[in-house]
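Numbers restart at 1 for each chain; the letters A, B, ... are given by sequence-line order, proteins then strands. Side chains are part of it too, since the values below use all heavy atoms of this structure and drop only hydrogens, waters and symmetry mates.
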Amino acid sequence: MASTGIGAPVRRKEDFRFITGKGQYTDDINRPGQTYAAFVRSPHAHAAIKRIDASEALASPGVLAVLTGADLEADKIGGLICGWMIHNKDGSPMKAGAHPALAVGKVRYVGDHVAVVIAETQAQARDAAEKVAVDYEPLPAVVDMNEALTGKTVIHDVAPDNRVYDWHLGDKAATDAAFAKAKHVTRLDLVNNRLAPNPMEPRAAIGDYDAGNDAFTLYTTSQNPHVARLVLSAFIGIAPEHKLRVIAPDVGGGFGSKIFIYAEETVCVWAAKRVGRPVKWTSDRTEAFLADAHGRDHLTHAELALDERGKILGLRVHTKANLGAYLSTFSSSVPTYLYAPLLSGQYDIPAIYCEVEGVYTTTAPVDAYRGAGRPEATFVVERLVEVAARELGQDPAAFRKKNFIRKFPHQTPVIMAYDTGDYTASLEKALEMADVKGFAKRRRESARNGKLRGLGYSAYIEACGIAPSQAVGSLGAGVGLWESAEVRVNPVGTVEVLTGSHSHGQGHETTFAQLVSDRLGIPIDQVAIVHGDTDKVQFGMGTYGSRSGAVGMSAISKALDKVIAKGKKVAAYAMEASEGDIEFKDGRFGVSGTDKSLGFGEVALQAYIAHKFSGQELEPGLKEGAFYDPTNFTFPSGVHICEVEIDPDTGVTTIEKWTAVDDFGHVINPMIVEGQVHGGIAQGVGQALLEGVRYDASGQLVTASYMDYCMPRAKDLPSFQVGTTVTPCPSNPLGIKGCGEAGAIAAPPAVINAITDALGHEDIAMPATPQAVWQAVQRRLPAIAAE
Amino acid sequence: MYAFSYHQPKTVRQAASLLAKNEDGKILAGGQTLLPTMKQRLAAPPALIDLGKVEGLSGIELKGRSLVIGATTKHVQVATSEIVKQAIPGLAEMAGMIGDPAVRNRGTIGGSVANNDPAADYPAACLALGATIITNTRKIPAEQFFTGLFETALEPGEVIVKISFPIVSKAAYAKFRNPASRYAMVGVFVAKRGSDIRVAVTGAGSNGVFRATALEEALKKRFSPKSLEGVSVSADGLNGDIHASPEYRAHLIGVMAKRAVTAAIGK
Ligand SMILES: Cc1cc2nc3c(=O)[nH]c(=O)nc-3n(C[C@H](O)[C@H](O)[C@H](O)COP(=O)(O)OP(=O)(O)OC[C@H]3O[C@@H](n4cnc5c(N)ncnc54)[C@H](O)[C@@H]3O)c2cc1C
C-alpha cells in the first residue's frame, strides 16, 4: 500500500475535476427562481448618511427590493461580530464598535455596504444600484494610524481615540532589566505592508429560503462553513442552527480571507426570505479589493538587547496594528495572540515585552491573511537579528546559531512551550544547499557586471495546529479549536470520511485519503473525503492556520482507531476467535498464530449483514466519529536563504537563488507539501517586493485593480531548492506540524535581509519596488563608491 | 456593462457611416481596452461598430521604403511577421512586449494608436519612426497625431485604416514595465534614419508620448550609448504615481535610452 499511503507523492485526486473545468464553485450553482444582489457601496471613506432614496432604483426594470440597514434592524438581524475578546493592559475589554451588515447612520470606508438592490438579473441589479440616491455628509478620512490615535476624528463613538485596545504580553520589568545591563542595543522601525488577499475565486453567496420548512440554505465561499452557520444563527440571528444549512462547495483559495463572516452572505441569506426567492451575489475583482478583509499593516518599533558577545538578553516591541474601519471576525487576535507569542523566534530570549495598540482607521477591515500574525512576528525578529549581527560585525548565520534554542521542551517568555525542533540542523543543511561558501565569489562576479548581490537569511518559527481549546478560551477566543471527523465504512469496504476541515486548494481529498489508505490498507480511490456541508458533517472548525493536517487529520486518525477496534470485534465473531487474538495488518484482520484472516472489505460486510453476532452483543454497522482537541500548538520551523542581484541603474531586484529547509515533522504527501512551500514563498516574495494596498489621504483605494496592485508572477521567482529536516511533532498522533503558511512567513525577511545586504545595510521598507530600491541605492551611492 | 447595439460593417465606408449615424458610438477593434472599460462601467457607448469583418484592414506589406500595417493587424502578427522582422526588427520586438499572449492575440495596432494610452508602446514607435497614420479621410503624421492623454487628432467619424512606417537603418525599443500592469512605466524607442535621430518616450510624460530632444541632440554627435552618459533628463512634465516619481522616471528614460541605443546598434 506504500504507493498511496503516508509519505507517498500521490497526485492530487481533485485536480482532474479542477483542471477539466468540472469544479463546482459557488458561482457555478444556480437555484430555481434565483435573483441577484448588487451592493450600493460607499464612495466616501467616512461620511454620515443623511438620507437614502431608493425610489428611482425601485422603479427600475427587474428590481424586486432595495434593502438598507433599517430593514435589517426591523427584522432584528444583528451586526457582524468579532469572535475574540482582547483585554486592555488594565483588564478592561476592547472597544468594539457596532458592525451592521448594511450601514446605519454612517459609512466608514470606501466600499462599505450602504444598501442592497435585488433584481431579476445581475445587470439589472447593478444598473439599479447606481440609481439609489444616497445623501452623504462627508467626514474626514483617517488613513494613517498615528493620525487616528490623536482622536481628532472619531470613527466609532465607543473608541474616542480610535484605539480598539492597548494590550501587552510578557514581563516588562524583567525586559527593562535586561536592557539596563545590555552592552549593545539594536533598534529598528518596521512597516509590515498591508496586503489584499486575492484568492483566484472571488467571494460569492447564494441565500435560499424554503418557506415550507422555514429553513435557510446558504451556499458560500467559506473556509469554515460550520463557524459561518454558528455565527449567522447564534449571533446574527438569521435562524437557529437546525434551520440553517451552510454549504461551502469547491472553494478557489482563501488565504484567510474566506474565514470571516461578511456582510454580503449575511444579506443574501436574510434577503432570500424577504424577497421569497434565492438571492445570489458574486464579487467582482474591484469589490474584492475594496471589501475583502486585508492582511498585515503594522507599524513597529523593536529593540534587541545584547551582551558583549552577542547573546540576546531581551526583546522589546511596540506595535500599532491597523484593524480598519470595523473589527472583522478574528481581527482582534491576529496582532495580539497570533503575533506576540511568536516573538521569541528560534532564539533563547530570556525576557520579552510586547505592547500592541489596535487602531481603527477609515479603511477596509484587516484580519488574518496567510500566516496571520506569525509573518509579522517573524519579520520583526529576523530583521532585528540580522541587523544586530551586522552591527556587531558577526556572521549572521553564526550569530543565529549562537542564540538558537537547543533544549526542548522550551518555555518562552511569551506563552509558547516549544515541544521539539533542531534549528541548527536546518540552518546547516540550508547553508550547504545554498552554497553560501561560494557566495563571495558570486558577489564579485556580480560586481564585475555592475550589479549588487546580497544574501539574506530567515530562520522562522510558527505556531500551527490551532489550537488547544482550553488554552485559546483562556486567551479570549469565542470558540474551541478542536476538529471532528466521522469515518463511514460502506458494506463493501469503501470509506467516506466526513471532516470538519475544509479544502480550498490544499488537497485534502488526496492527503486525508492517504491517511485512510495507510491505516486501513485500502487504495485511495476507495476513499471519499466529504466536507463543506453542515448537513453532512456534524460540526467542524474549518481550515486556516495550517491546522487541517495537525488537527483535522488527527481527528480522522482517532476515528480510524475506533473503526479498527470495532473491526476487530466483528472479525472475532466472524472467524470465531477471541477479540484479543485479532491483529490488523496490511488491510487484513488475522487470527494470531493461525493463517485465518479476513480482508477489510469482508469484515465491513460482516459488520453490516450482522449474521455472525447478535445485535445485543455488538451493534451492527461500521461507522465511528471522533473529536480531537490538540494538547499543544505545533511548531514548524526552518531556514530560508534568499540570494538577490540588484541592478543599481534601475533598482530592479532579481531573486537568483532560493533555498528552503523546513521541518514540518512527518510529511503525508511530499509533493503537496512542496507545492505549499512554493506558493507560500511566492506570496512572501509578493509582500516583500511587489504587493501593497495603498489608500490616498482622502481614503480612496488607489490599488483597486491589477493595474496598480502587483501580484507575483512566475517570472518574478527562481526555481526553488526545497529541503526538509524532520523532528516529529510529539503532541499529535501523526507527528505532523503543518506547512501551509511557512513560505509566506519565512520569505519577507529573507528577501529584505538579502536586499539590505546588497545595499550595504541601507534599510528598505516593503514592498521593495524598483523605485524604492533605486532610491536606497541613491542614498547609499557615496558609501558604495568609497568602498 | 450597459446595454448597447452591435454593428458589423463589411467596409470602411459602412463603418464610417455607422459612426456618423450612431452618436457616441464607438469602433470596436481588439476590444482589449474598450471592453474592460465597458465592463467596469467607465464607458457606456450606445453602439459598437466592430471592424472585425471589414475586408482588407488587416495585413502587413512593404511598399517601397515603407512598411504598411493595416489597422486591425494584431500585435502578435506584427511581432511574428518575417516582413517586419526584416524591415524594422525593433518594431516586431516592441509588439512582442505588449501585454500578455491573450492581449497580443486580440489587440490591434489601430486600436492602440487610436486609444493613445499614455503608457502604450505603439505611440512611441510611431513617433520615433516618423510614421504616418492613414485614415478614411486623410494622412496624419505621427508628430501631429498624438495630442494628449488618450487624445488624438482623429475627428469624430474618422477611422484609422493603416499605418505607414518609413524603414530606418537602426531602431530599437527598451521598455521598463510598470510592475503591476506591465504597461510601460518608461518606454524609449530610438530610431536612426541617416542623420535623423529620434528618441520617443512613452509611459512617462504627463501629457503622453513625447520626443526627448536632449537625448536626440546628444545622439546626433555619435549614435552610441556613451553619448548619453551624463545627459540628464528633466523631471519637469513627467508623471508621478505610486509606482514611480517624476525623478525616477526621468532617470529611467536615460537608462532605457542607453539600452535601446545599444540594442539598435546590435541589429
Ligand atoms: C491586460 C492588458 C495588458 C495590456 N498591456 C499593454 C502593453 O503592455 N502595452 C500596450 O501598448 N498596450 C497594452 N494593452 C492595450 C492593448 O494593446 C490594446 O489592444 C490596445 O490598447 C487597444 O487595441 P484594441 O484593438 O484592443 O482596441 P479596442 O479596445 O477595440 O479599442 C480601443 C479604442 O480605439 C478605438 N479604435 C479601435 N480601432 C480603431 C480604428 N481603426 N480607428 C479609429 N478608432 C479605433 C476604439 O473605438 C476605442 O476607443 C494591454 C491591454 C490589456 C487588457
dist A:Asp696:CG -> B:Ile242:CD1 (nearest 0.5 Å) comes out at 10.5 Å
Q) Has the side chain of B:Tyr248 got a donor or acceptor atom that lies under 3.5 Å from a matching backbone atom of A:Thr650? A) yes
Given A:Gln778, A:Met711, A:Glu130, the one with more heavy-atom pairs under 4.5 angstrom with chain B than any other is A:Glu130
For A:Trp774 and B:Glu247, the nearest pair of non-hydrogen atoms, with its separation, is CH2-O, 4.3 Å
Output for pair (A:Gln771 CD, B:His251 NE2), nearest 0.5 Å, gives 11.0 Å
When every non-hydrogen atom of B:Pro179 is compared with those of A:Cys710, the smallest separation belongs to O-SG, 3.0 Å
Most contact-rich option vs chain A, by heavy-atom pairs under 4.5 angstrom, among B:Lys39, B:Arg259, B:Met1, is B:Arg259
Heavy atoms of B:Phe176 and A:Pro770 approach each other most closely as CZ-CB, 3.8 Å
Turns out that what part of B:Leu252 lies under 4.5 Å from chain A's heavy atoms comes down to side chain
When the 4.5 angstrom heavy-atom criterion is applied to B:Met256 and chain A, the contacting part is side chain
If one checks every heavy atom of B:Arg177 against chain A at 4.5 Å, the contacting part turns out to be neither
Could you tell me if the side chain of B:Lys258 sits less than 4.5 Å from the side chain of A:Asp649, heavy atoms only? no
Value for CZ (A:Arg285) from CD (B:Gln40), rounded to nearest 0.5 Å, stands at 12.5 Å
_Over 12 foreign heavy atoms within 6.0 Å of NZ, B:Lys220_ = yes
Whatever's closer than 4.5 Å to a heavy atom in chain B on A:Glu691 counts as neither
- Are there more than 12 heavy atoms of other residues, nucleotides or ligands under 6.0 Å from atom NZ of B:Lys192? yes
Query - B:Arg41 and A:Asp127: CA distance, side-chain angles, deciding distance, side chain to side chain contact (heavy atoms under 4.5 Å, CB included) verdict - result: CA-CA 10 Å; B:Arg41 299 178 158 246; A:Asp127 284 348; 2.7 Å; yes
Whatever's closer than 4.5 Å to a heavy atom in chain B on A:Arg713 counts as side chain
